[in-house]
Amino acid sequence: MKLVIAVVQDKDGNKLRDALIAQNFRATKLASTGGFLRSGNTTFLIGVEDHRLNQVLDLIKINCRAREQLMTPVVPLDGSSEPASAYPVPVQVGGATVFVVDILRFEQY
Ligand code: 2BA
């Protein structure tokens, strides 16, 4: 059994949740915050049997897409120390950041 930890954009969260439920996967959806952009994103915990792992990864790929987000750097990226020269820069986010972890033991009480 594997644990899939998938960080996705909030905009894709409900679509992915619905797709997982429709294919009878069990998942927990957590509200999370990206360390870099410091804005909200969504983290899924999905426990899955090994033989269904690729199916979950396909659902994540299909339902989560990359987007550009603007961020204003705290420190200007051009190396100057002038705060006035800090301007918004586009950052590509997603589709999804996915970790697949072996589960040593799974219990439900
Ligand atoms: P954030 O940390 O808010 O990062 C948002 C996007 O900013 C990233 O998109 C990436 O394009 C850019 N970025 C992040 N750190 C950067 C840096 N040091 N320099 C330049 N650009 C940087 P994604 O890579 O698609 O990541 C989306 C979200 O997935 C991240 O939000 C974070 O919440 C999570 N994530 C990504 N990699 C992770 C990792 N290795 N461990 C844990 N969470 C991760």
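First listed ligand is number 1; within each ligand, the first listed atom is number 1. Index from 1, following the sequence.
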**Report entry** Aromatic F44 / basic R17 pairing, under 6.0 angstrom, 45° off normal
**Finding:** no
Looking only at protein heavy atoms, which one is nearest to [atom], and how far off is it?
{"atom": "atom 17 (C) of ligand 1", "result": "F36 CE1, 3.5 Å"}
{"atom": "atom 24 (O) of ligand 1", "result": "T97 OG1, 4.2 Å"}
{"atom": "atom 33 (O) of ligand 1", "result": "N41 ND2, 3.0 Å"}
{"atom": "atom 34 (C) of ligand 1", "result": "V7 CG1, 3.7 Å"}

Return the [atom1] to [atom2] distance between [X] and [Y], rounded to the nearest 0.5 Å.
{"X": "T97", "Y": "Q9", "atom1": "OG1", "atom2": "CD", "result": "9.5 Å"}
{"X": "E49", "Y": "K2", "atom1": "CD", "atom2": "NZ", "result": "10.5 Å"}
{"X": "L57", "Y": "R52", "atom1": "CG", "atom2": "CZ", "result": "12.5 Å"}

Report task. Going by heavy-atom distance to atom 25 (O) of ligand 1, choose the closest among A96, G94, G40. Result -> G94
Enumerate the atoms of ligand 1 whose separation from the nearest heavy atom of [X] is less than 4.0 angstrom.
{"X": "F99", "result": "39 (C), 41 (N), 42 (C)"}
{"X": "L37", "result": "1 (P), 3 (O), 5 (C)"}
{"X": "G34", "result": "1 (P), 2 (O), 3 (O), 31 (O), 33 (O)"}
{"X": "V91", "result": "6 (C), 7 (O), 11 (O), 12 (C)"}

Query raised in the report: Any chain of hydrophobic side-chain contacts (each under 4.5 Å) joining Y87 to V91?
Result: yes
Requested in this report: Could you see which bit of Q92 sits under 4.0 Å from ligand 1, with heavy atoms only: side chain, backbone, both or neither?
Outcome: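 Just the backbone.
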**Report entry** From CA spacing to verdict: side-chain contact (heavy atoms from CB on, under 4.5 Å), I5, V101
**Finding:** CA-CA 8 Å; I5 303 168; V101 182; 4.3 Å; yes
Query raised in the report: Ion pair present between R65 and D12, side-chain N to carboxylate O less than 4.0 angstrom?
Result: no
